[in-house]
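Taking it in order: structure first as C-alpha coordinates, then the write-up.
To find a chain, count down the sequence lines: A is the first, B the second, and so on, and within it residues start at 1. Everything quoted here is computed from the prediction, not taken from an experiment.
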Amino acid sequence: MDGLVPVPQMAALARRWYADRLSPDWAPKSRQASQAIFTAVGLTGPFWTLPGG
Amino acid sequence: MAAPFSATDLRVRREILETFIAGHIPTRIGVMRALGLEYAEVSASYAVLAATHVIVPHPDTGEVWMAMPFSAVPTPFSVMVGGRAVWANCVWDAFGIAAALATDVTFVSPCPVSHVPIAAGVRRGVAYAAPGAVVHVGVPAPRWWDDIGFT
(Lines give C-alpha, C1' and ligand atoms only; values in the text may rest on other atoms or scores of the structure.)
Protein backbone atom coordinates (compact mmCIF):
# COMPACT_ATOMS: atom_id res chain seq x y z
CA MET A 1 0.00 0.00 0.00
CA ASP A 2 1.21 3.50 -0.83
CA GLY A 3 0.66 4.85 2.66
CA LEU A 4 2.60 2.16 4.53
CA VAL A 5 6.10 3.39 5.30
CA PRO A 6 8.76 1.35 7.12
CA VAL A 7 10.03 3.09 10.24
CA PRO A 8 13.58 3.67 8.95
CA GLN A 9 12.18 5.32 5.83
CA MET A 10 9.85 7.52 7.89
CA ALA A 11 12.73 8.50 10.15
CA ALA A 12 14.84 9.37 7.11
CA LEU A 13 12.00 11.53 5.80
CA ALA A 14 11.71 13.28 9.17
CA ARG A 15 15.44 13.99 9.30
CA ARG A 16 15.44 15.66 5.91
CA TRP A 17 12.14 17.44 6.46
CA TYR A 18 12.83 18.85 9.90
CA ALA A 19 16.61 19.12 10.23
CA ASP A 20 16.59 22.86 9.46
CA ARG A 21 13.48 23.70 11.52
CA LEU A 22 15.43 25.55 14.21
CA SER A 23 18.18 26.87 11.99
CA PRO A 24 18.67 30.65 12.03
CA ASP A 25 18.65 30.41 8.25
CA TRP A 26 15.35 28.56 8.09
CA ALA A 27 13.13 29.37 5.14
CA PRO A 28 10.01 27.61 3.91
CA LYS A 29 10.69 24.85 1.43
CA SER A 30 9.46 25.27 -2.09
CA ARG A 31 7.11 22.65 -3.44
CA GLN A 32 9.95 21.36 -5.59
CA ALA A 33 12.32 21.10 -2.64
CA SER A 34 9.70 19.30 -0.59
CA GLN A 35 9.00 16.90 -3.43
CA ALA A 36 12.73 16.28 -3.81
CA ILE A 37 12.87 15.14 -0.19
CA PHE A 38 10.19 12.53 -0.81
CA THR A 39 12.03 11.32 -3.87
CA ALA A 40 15.35 11.19 -2.02
CA VAL A 41 13.94 8.85 0.60
CA GLY A 42 12.16 6.70 -1.96
CA LEU A 43 8.60 7.98 -1.55
CA THR A 44 7.35 8.38 -5.09
CA GLY A 45 4.18 8.05 -7.13
CA PRO A 46 0.83 9.82 -7.03
CA PHE A 47 0.33 9.19 -3.30
CA TRP A 48 3.43 11.27 -2.54
CA THR A 49 2.98 13.95 -5.18
CA LEU A 50 2.31 17.33 -3.65
CA PRO A 51 -0.35 19.60 -5.15
CA GLY A 52 0.84 21.52 -8.16
CA GLY A 53 3.15 18.76 -9.34
CA MET B 1 9.51 30.19 -2.81
CA ALA B 2 9.94 33.86 -2.07
CA ALA B 3 10.24 34.40 1.65
CA PRO B 4 6.89 35.89 2.68
CA PHE B 5 7.95 36.65 6.22
CA SER B 6 8.86 39.86 7.98
CA ALA B 7 11.48 39.90 10.72
CA THR B 8 8.64 40.01 13.23
CA ASP B 9 6.98 36.97 11.67
CA LEU B 10 10.23 35.04 12.01
CA ARG B 11 10.66 36.09 15.64
CA VAL B 12 7.11 35.02 16.40
CA ARG B 13 7.67 31.69 14.68
CA ARG B 14 10.85 31.10 16.63
CA GLU B 15 9.20 32.01 19.93
CA ILE B 16 6.36 29.56 19.24
CA LEU B 17 8.83 26.75 18.60
CA GLU B 18 11.00 27.64 21.60
CA THR B 19 7.93 27.63 23.83
CA PHE B 20 7.05 24.12 22.70
CA ILE B 21 10.64 22.98 23.21
CA ALA B 22 10.53 24.32 26.76
CA GLY B 23 7.53 22.08 27.37
CA HIS B 24 4.90 24.82 27.33
CA ILE B 25 2.00 25.73 25.06
CA PRO B 26 2.42 29.02 23.20
CA THR B 27 -0.23 31.71 23.44
CA ARG B 28 -0.51 35.05 21.69
CA ILE B 29 -0.30 36.81 25.05
CA GLY B 30 2.82 34.86 25.96
CA VAL B 31 4.47 35.56 22.62
CA MET B 32 3.55 39.22 22.92
CA ARG B 33 5.16 39.50 26.34
CA ALA B 34 8.23 37.45 25.45
CA LEU B 35 8.99 39.54 22.39
CA GLY B 36 7.75 42.92 23.58
CA LEU B 37 5.26 43.20 20.75
CA GLU B 38 1.74 44.52 20.54
CA TYR B 39 -1.07 41.98 20.46
CA ALA B 40 -2.05 43.14 16.99
CA GLU B 41 1.48 42.52 15.74
CA VAL B 42 1.44 38.98 17.07
CA SER B 43 -1.98 38.37 15.57
CA ALA B 44 -0.82 39.70 12.22
CA SER B 45 2.18 37.36 12.28
CA TYR B 46 -0.05 34.44 13.23
CA ALA B 47 -2.15 35.19 10.15
CA VAL B 48 0.91 35.16 7.90
CA LEU B 49 2.28 31.98 9.47
CA ALA B 50 -1.09 30.28 9.16
CA ALA B 51 -1.53 31.30 5.53
CA THR B 52 1.83 29.74 4.71
CA HIS B 53 1.14 26.55 6.71
CA VAL B 54 3.90 27.27 9.22
CA ILE B 55 1.35 27.06 12.01
CA VAL B 56 -2.20 25.81 12.22
CA PRO B 57 -4.38 27.96 14.47
CA HIS B 58 -7.12 26.31 16.46
CA PRO B 59 -10.40 27.13 14.71
CA ASP B 60 -12.13 28.02 17.97
CA THR B 61 -9.45 30.00 19.81
CA GLY B 62 -7.02 31.26 17.19
CA GLU B 63 -4.18 30.00 19.36
CA VAL B 64 -1.56 27.69 17.89
CA TRP B 65 -2.93 24.20 17.42
CA MET B 66 0.03 22.86 15.49
CA ALA B 67 3.46 24.24 14.71
CA MET B 68 4.91 21.22 13.03
CA PRO B 69 6.33 19.03 14.42
CA PHE B 70 4.65 20.11 17.68
CA SER B 71 1.03 19.91 18.77
CA ALA B 72 -0.54 22.14 21.40
CA VAL B 73 -3.21 19.58 22.19
CA PRO B 74 -2.74 16.04 23.46
CA THR B 75 -2.22 13.46 20.75
CA PRO B 76 -1.39 9.73 20.79
CA PHE B 77 2.25 10.74 20.22
CA SER B 78 3.75 11.93 23.49
CA VAL B 79 7.45 12.39 22.86
CA MET B 80 9.98 12.37 25.68
CA VAL B 81 12.84 14.69 24.88
CA GLY B 82 15.41 15.96 27.34
CA GLY B 83 13.31 14.87 30.30
CA ARG B 84 10.21 16.70 29.06
CA ALA B 85 7.11 15.43 27.32
CA VAL B 86 5.87 17.20 24.21
CA TRP B 87 3.16 16.21 21.78
CA ALA B 88 3.82 15.46 18.15
CA ASN B 89 1.12 15.43 15.51
CA CYS B 90 2.03 12.02 14.09
CA VAL B 91 4.89 9.53 13.87
CA TRP B 92 6.54 11.61 11.15
CA ASP B 93 6.55 14.58 13.51
CA ALA B 94 7.69 12.49 16.49
CA PHE B 95 10.81 11.57 14.56
CA GLY B 96 10.86 15.17 13.34
CA ILE B 97 11.26 16.46 16.88
CA ALA B 98 14.42 14.39 17.18
CA ALA B 99 15.63 15.80 13.86
CA ALA B 100 14.79 19.41 14.65
CA LEU B 101 16.46 19.29 18.06
CA ALA B 102 19.27 16.97 16.94
CA THR B 103 18.67 14.82 19.97
CA ASP B 104 17.38 11.44 21.01
CA VAL B 105 13.70 10.92 21.78
CA THR B 106 11.40 8.15 22.89
CA PHE B 107 7.73 7.83 22.19
CA VAL B 108 4.97 5.25 22.23
CA SER B 109 2.71 5.06 19.23
CA PRO B 110 -0.49 3.03 19.20
CA CYS B 111 -0.76 0.49 16.40
CA PRO B 112 -3.67 1.77 14.28
CA VAL B 113 -4.94 -1.80 13.81
CA SER B 114 -4.37 -3.59 17.12
CA HIS B 115 -4.09 -0.47 19.30
CA VAL B 116 -1.14 -2.14 21.01
CA PRO B 117 1.42 0.49 22.05
CA ILE B 118 4.60 0.37 20.01
CA ALA B 119 7.76 1.83 21.54
CA ALA B 120 9.88 3.84 19.14
CA GLY B 121 12.35 6.65 19.11
CA VAL B 122 15.83 7.76 18.21
CA ARG B 123 18.81 6.49 20.17
CA ARG B 124 22.27 7.88 19.48
CA GLY B 125 20.90 9.31 16.27
CA VAL B 126 19.44 6.04 15.00
CA ALA B 127 15.70 5.45 14.72
CA TYR B 128 14.29 2.32 16.29
CA ALA B 129 10.91 0.67 16.69
CA ALA B 130 9.47 -2.77 17.17
CA PRO B 131 10.69 -5.16 14.46
CA GLY B 132 8.56 -4.91 11.34
CA ALA B 133 6.75 -1.80 12.49
CA VAL B 134 5.44 0.38 9.71
CA VAL B 135 3.87 3.83 9.69
CA HIS B 136 0.46 4.21 8.10
CA VAL B 137 0.01 7.52 6.30
CA GLY B 138 -3.71 7.58 5.73
CA VAL B 139 -4.09 10.58 3.46
CA PRO B 140 -2.26 11.05 0.16
CA ALA B 141 -0.02 14.11 -0.18
CA PRO B 142 -2.29 15.96 -2.62
CA ARG B 143 -5.00 16.06 0.06
CA TRP B 144 -2.98 16.68 3.24
CA TRP B 145 -4.12 20.27 3.62
CA ASP B 146 -7.76 19.60 2.77
CA ASP B 147 -8.20 18.83 6.48
CA ILE B 148 -4.83 19.00 8.23
CA GLY B 149 -6.35 18.12 11.56
CA PHE B 150 -7.52 14.79 10.18
CA THR B 151 -4.28 14.25 8.26
Side-chain angles (χ1 to χ4, degrees), chain A, chain B residues 1-5 9-10 13-14 17-18 20-21 48-49 51-54 67-70 88 90-103 105 109 112-113 118-122 125-146 151:
Chain A
M1 287 177 60
D2 288 334
L4 293 181
V5 183
V7 165
Q9 192 174 19
M10 179 55 73
L13 171 63
R15 277 194 300 274
R16 289 174 179 261
W17 195 266
Y18 282 116
D20 69 342
R21 192 60 45 129
L22 295 172
S23 167
D25 300 324
W26 174 87
K29 296 177 180 65
S30 67
R31 197 207 72 84
Q32 291 81 1
S34 298
Q35 195 68 62
I37 290 175
F38 294 142
T39 301
V41 299
L43 297 171
T44 58
F47 189 94
W48 293 100
T49 300
L50 293 164
Chain B
M1 178 186 296
F5 306 119
D9 298 335
L10 292 172
R13 171 190 174 272
R14 182 81 188 194
L17 292 175
E18 295 287 357
F20 275 119
I21 292 166
V48 171
L49 296 172
T52 49
H53 294 174
V54 173
M68 283 66 83
F70 299 101
C90 58
V91 175
W92 178 356
D93 285 356
F95 283 119
I97 289 171
L101 275 60
T103 191
V105 302
S109 172
V113 177
I118 298 172
V122 175
V126 178
Y128 68 89
V134 296
V135 181
H136 180 225
V137 179
V139 178
R143 303 204 331 251
W144 282 344
W145 284 92
D146 290 357
T151 298

How long is the span from the CG atom in A/Leu22 to the CD atom in B/Glu18, to the nearest 0.5 Å?
6.5 Å

To the closest 0.5 Å, what do you measure between CH2 (B/Trp92) and OH (A/Tyr18)?
6.5 Å

Taking all heavy atoms of B/His53 and all of B/Met68, pick out the closest pair and write down the distance.
O-CE, 3.7 Å

Please report the shortest heavy-atom distance between A/Gln35 and A/Leu50, naming the atom on each side.
OE1-N, 2.8 Å

Determine the option with the most heavy-atom pairs under 4.5 angstrom with chain A, choosing from [options].
options                               : value
B/Val91, B/Asp93, B/Val126, B/Ile21   : B/Asp93
B/Pro69, B/Ala133, B/Ala102           : B/Pro69
B/Ala94, B/Ala130, B/Ala100, B/Ala127 : B/Ala100

A/Arg21 side chain to B/Ala99 backbone, donor-acceptor under 3.5 Å:
no

Does A/Trp26 have its ring centroid less than 6.0 Å away from the ring centroid of B/Phe5?
yes

Side chain, backbone, both or neither: which part of B/Ile97 has a heavy atom under 4.5 Å from chain A?
neither

What residues form a side-chain contact (heavy atoms from CB on, under 4.5 Å) with B/Ala98, not counting sequence neighbours?
B/Val105, B/Val122

So A/Phe38 and A/Trp17, would you call those rings parallel, tilted or perpendicular, with 30° and 60° as cut-offs?
parallel

Tabulate, in ascending numerical order, the residues of residues 6-16 of chain A having at least one heavy atom closer than 4.5 Å to a heavy atom of chain B, or enter 'none'.
A/Pro6, A/Val7, A/Met10, A/Ala11, A/Leu13, A/Ala14, A/Arg15

